[in-house]
Each structure stands twice: as C-alpha cells, then as structure tokens.
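Comments concern the structure below.
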Protein chains: 2
Amino acid sequence: MVFMKTDLEMDRDLSKQIADAIRNSIIDGGLIVDQRLPSEAELCDQFGVSRPTVREALKRLAAQNLIRTQRGATGGAFVNRMSFEEAYGQQITTSTLLLSMNEVDFETACEARYAMERACVALSAQRRTADQLATMRAEIHRQSQPGLTDEAFCASDVAFHRALVDGAGNPVLSYQLAGAVEATQPLMNMITFSARSREAIVALHGRIADAIEAGDGGAADVALADLSTYTLTLAEQVRAARAARLPQN
Amino acid sequence: MVFMKTDLEMDRDLSKQIADAIRNSIIDGGLIVDQRLPSEAELCDQFGVSRPTVREALKRLAAQNLIRTQRGATGGAFVNRMSFEEAYGQQITTSTLLLSMNEVDFETACEARYAMERACVALSAQRRTADQLATMRAEIHRQSQPGLTDEAFCASDVAFHRALVDGAGNPVLSYQLAGAVEATQPLMNMITFSARSREAIVALHGRIADAIEAGDGGAADVALADLSTYTLTLAEQVRAARAARLPQN
DNA sequence: AAAAACCATTTGTCAGACATTTGAAGTTGT
DNA sequence: ACAACTTCAAATGTCTGACAAATGGTTTTT
C-alpha cells in the first residue's frame, strides 16, 4: 500500500500532508470500505515521520468520520462507510455554524429552506408512506396542544418537515434537506409564536398534509409557499416589535 | 475560560472528549470568531492531560476547519470564521463520499440534484446578474465546440449549472447546491456523451438560458425538467448498452 | 532614530517508554 | 476430543522530556 505525495509540498504541516494523502487514497478508491490501514508503526516508516505525527494525521481523519480506530491485537484504523446518519450530522453542524457565524439573515435562510423543501413536496405527494403521513398528522396534533413551549413547538415543526421531506423517498434529498431544516431551527426559535400565529401555522400544516394525502403535489406546493410567506411575515412583525421597543440604538 | 465536561464519560478517548468540549464552546458562543484559545500548555493544565493528547484534539478541530493554528510568539489556535468557501469544500467531499460509498444509483442522485436545482431557477430568472447570464452563455458555447473530452464537457456542465444556481442570489442555496452538483459529476463522467446527445444537451441549456434571460421562471423550470428527463434517458441507454455487451454476469 | 541582534513564547516534531485492550495461540482439565 | 482457562503478542492510547522552527517584541548597537 503506497500513498502519493503531492508534487508541490509548499505545506510544512506534516500531519496535514499525511492526512491528505490518506484521504485521497480513500476518495479515489485506493482504500475501500472496512479495509485496514497500515499500523501506526508502518505508517511511520512509510512517511518517515514519528508516531505522534502519524497519530495527529489519523485523528484528523477520525474527526471527519473517514476512519475508525480499534484497539487490541487485531485492531488498527479502518476505513469507515460514510453512512447517511453521519452525513446528516456533518451537514447539520456545518450548516449551523455557517448560519450562525456569517449572520445570514432570516429571510435568506428561510428562502433557501423553503425553496428546497418545495422541491420535495411534489415527490412526497406521490410516494409518501402511510407511516410518514401518520407522523405528519401526529406532529400537527402535538402542535395544536396548548401550553407547549416555543422550543417544543419548533422541535415538532422540525419533525413535521422532516417527515414531509422523507416522504419523497429519496435519501439524497433527505440528507441535503436535513441540514437546511435543522440549521434554521435556531433562527426559528428566536420568533415568539403567539397563540394566533400557532393556529395559523397548524392550519397551513394541515393543508399541506391534506394535499399530500390526496396526492395533489400542486396544492401542497401552494400551501408550502403560503407557509413560507406567513413565516416571513411573522419574522417581520417580530423585528418591527423589537425595533419599536428600542427606538434608538 | 472554562470548558464543560460531559456528564456521562463513557467515552475513553480523551482527545475526542477534549475536542468535543472545545467544539461545544465554539458552537454555543463561548468562543467567538478569531478569539485565541489557551496555549497547548494551558489546555494541558485545564484538562489534566499531556500535550500530545491536547494536540490530537486540536488537530481534530483543525480538520473540521473550526480552528487555525499559527506558530510564533503571538501564535496559538484561533477560532475560524466558517466561510462559505470552506463550507462548499466540506459539503462537496461529504456528498462525494456519500454517493460513492453507498452506491447511490444514478436515478436517485439525479432526481435529488434536479429537484433542488428547479428550486433555484424561478429565483434565478428574476435575479440573475448580467455576469451570471454571460457565464452561462460562455459555457454553452464551449460545450458546442467539437473535440471536447468527456471530462471537459462535464466540467463545463458543472460551471453552467453553478452559474444558474448562483443566479438565485442566495448564498445558502448556492452552498447547498454546490455539493449536489459537484457530487453528481463523477456519476455523469461515466456517461459517454455522443455528438448527438451533446447537441441535445446544448440545446436544452440554450432553452434554459433563454428563459432565464427573459425572466420566465416557468419556461426555465420546464426546460430543466426536460433536461432531467433526457439525462435519465441517456443513463438508461448507457446501462442497456452495457448490459447487452455483458449478457451474463 | 533606524537597523541589527537577542529573547521569550508558542507550535511542530521526535524518541522512547508504559498502560490498556483484545484476539489468538497454547495449556490444562475433564 | 472438547471446553475452559492462561498466556502472549500486537496494536492503540497516553505520558514525559526534549529539541527545532517560527514570530513578534525587546534590547543593543550604530
């Protein structure tokens, strides 16, 4: 097993170079899933570096879920299968950090999320399972119960939309949307939902579920567009109220 | 600066625990962008571990682009701003690995990609800049030139679609779509585009560009749907031809 | 006052050692 | 012959101590 070194070694971070070399081997198929990497000692010899350096490289790969390590006689580092579950997690943390650190405004995040979600509803109307529809109905019921905290309401909202997205029956779509839906939740949490606005949202969710149940993708799309518009209206109201409270500064 | 340890320490990988503690501090805002982390020696004291262990933790975070390190007197580890550029990169590698290692079939990946792309075209028709439209036209022109390798044709295809997506003027959408578009390129590369199929694709691209230029989102959506259908047809032909060549096994 | 030399701080790397886990080979008892 | 136990070797996890290299600040010299 031989790893390629990049031609331009302008990078003097050895552990990064080694990590990149191994990652490239994984990506281009030189190392396949569940294959065992050489032991740390062998990697030391191959790259001509010390064990701590090799270990730092392996930890970089482990942080990206590209490999897993196992102790013991038959242990070592093994190439991970990138599961959809792990990809969900990475997608969500990346999206969350991106939104929080770049101060993406609510409108932009919302627009992106609903635009992609509308790409799913037509498929969802055709393919959703009875189970997914039941989940949507259950979440709608939960949302209509009084005394729910804003956080619980938002969490139910996320569950509803994930069921809607999963209804498309396309795992790649679900994976992509997971990040978008979850990452916008912290922004949604900043909106205080009045009893009346909750009623309106529940009604819109009901319209979506009805359309999905009837297999009417067009109606579901319209309902989702209405929900998007209403969400933006709510955000606008919240911002106006906040501005009124703090007239200057 | 104090880091929280998780209550259930069922994990006996110290470097992972430390990395998680610091990452949580970054996510929940305890550490803000460009803030300097304690030096490695200080972290050793705080967590009661040795320097290699702390370093492995820091390398994990560096692998996720959460921190950057700098040598020298005023050096150290600093919290990174998660730029859209870096997020693109992570999104693309994750998506690529996911598609290659889970053997997602062409139809599923294509469906997801075009579904999300259709979510952009309506916005793109309204907002695209003259620059983005020019990029689309330039790529179409390149695609129509004979003697192009399949790889170059696919690369131009990616550039065209990225310009189309960027036309929506929503960086979050661009970030999400980057992964979907780039990750499907390796699958696209497996299709050998005949001269006739290239002509058809260029014509469809032209229809899309025309609709975008006219601001007609509906027409652009129809054209993109046609492109999606045609791509799937091509894939089906390639598969049929391959099956005919290898009748058994 | 400007340039050079020096220094302290911090990360990058190395060598060697010990602890811990874990499967496999060998041993023993029935 | 088979099952249970013991031992062992391989591999990762961690620690100690040290030196190298980079880098900004400080001091000295011109």
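This is a predicted model, so every value here is computed, not measured. Proteins come first, then strands; the chains are lettered A, B, ... in the order of their sequence lines, and each starts at number 1.
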A/Ala138: side-chain contact (heavy atoms from CB on, under 4.5 Å) partners, not counting sequence neighbours: none
First locate atom CG of A/Asn170, then atom CE of B/Met116, and finally report the distance between them rounded to the nearest 0.5 Å. 9.0 Å
Separation of C/dT13 P from A/Glu56 CD (nearest whole Å): 7 Å
Got a salt bridge between A/Glu182 and A/Arg162, using NZ or NE/NH1/NH2 to carboxylate O under 4.0 Å? yes
Where does the angle between the aromatic ring planes of A/Tyr175 and A/Phe84 fall among parallel (under 30°), tilted (30 to 60°) and perpendicular (over 60°)? perpendicular
Nearest-Å distance for atom pair CD1/C1', residues A/Ile67 and D/dG13: 14 Å
A/Asp13 CG - C/dT13 C1' separation (whole Å): 10 Å
side-chain contact (heavy atoms from CB on, under 4.5 Å) filter on A/Asp157, not counting sequence neighbours, yields A/Arg113, A/His161, A/His205
Picking from C/dT21, C/dT11, D/dT14, which would you name as closest to the side chain of B/Thr69? C/dT11
For B/Ser156 against B/Glu139, the heavy-atom pair lying closest together: OG-OE1, 2.7 Å
Taking side chain as C-beta onward, heavy atoms only, is A/Leu37 less than 4.5 Å from A/Ile22? yes
How close or far is atom P of D/dA22 from atom CZ of B/Arg71, stated in whole angstroms? 5 Å
Whole angstroms only, please: what is the CD-P distance between A/Glu40 and C/dA19? 18 Å
Footprint string (nucleotides 3-8 of chain C, 5' to 3'): B base within contact, S backbone only, - free, heavy atoms under 4.0 Å: -----B
Contacts of type side chain to side chain donor-acceptor pair (under 3.5 Å), residue A/Arg23, not counting sequence neighbours: A/Asp20, A/Gln64
Which one, C/dT11, D/dA11, D/dT12, comes nearest to the side chain of B/Arg55? C/dT11
Looking at C/dG12, I'd like to know if its phosphate oxygens (OP1 or OP2) sit under 4.0 Å from a side-chain N or O belonging to A/Lys16. no
May I have the distance from A/Leu43 (atom CG) to D/dA10 (atom C1'), rounded to whole angstrom? 15 Å
Nearest whole Å is fine: how far is C/dT11 P from B/Arg68 CZ? 13 Å
Rounded to whole Å, the CD-C1' distance (A/Gln70 to C/dT21) equals 10 Å
Nearest-nucleotide pick for B/Thr74, side chain only, options being D/dT14, D/dG24, D/dA22: D/dG24
Sequence neighbours excluded, every pair satisfying salt bridge (Lys or Arg N to Asp or Glu O under 4.0 Å) that has a member inside residues 88-98 of chain A: none
Look for any protein N or O under 3.5 Å of an N or O in nucleotides 14-18 of chain C and output each such pair with its distance, or none.
from: C/dC14; atom 1: OP2; to: A/Ser50; atom 2: N; distance (Å): 3.0
from: C/dC14; atom 1: OP2; to: A/Ser50; atom 2: OG; distance (Å): 3.1
from: C/dC14; atom 1: OP2; to: A/Thr53; atom 2: OG1; distance (Å): 2.8
from: C/dA17; atom 1: N6; to: A/Arg51; atom 2: NH1; distance (Å): 3.3

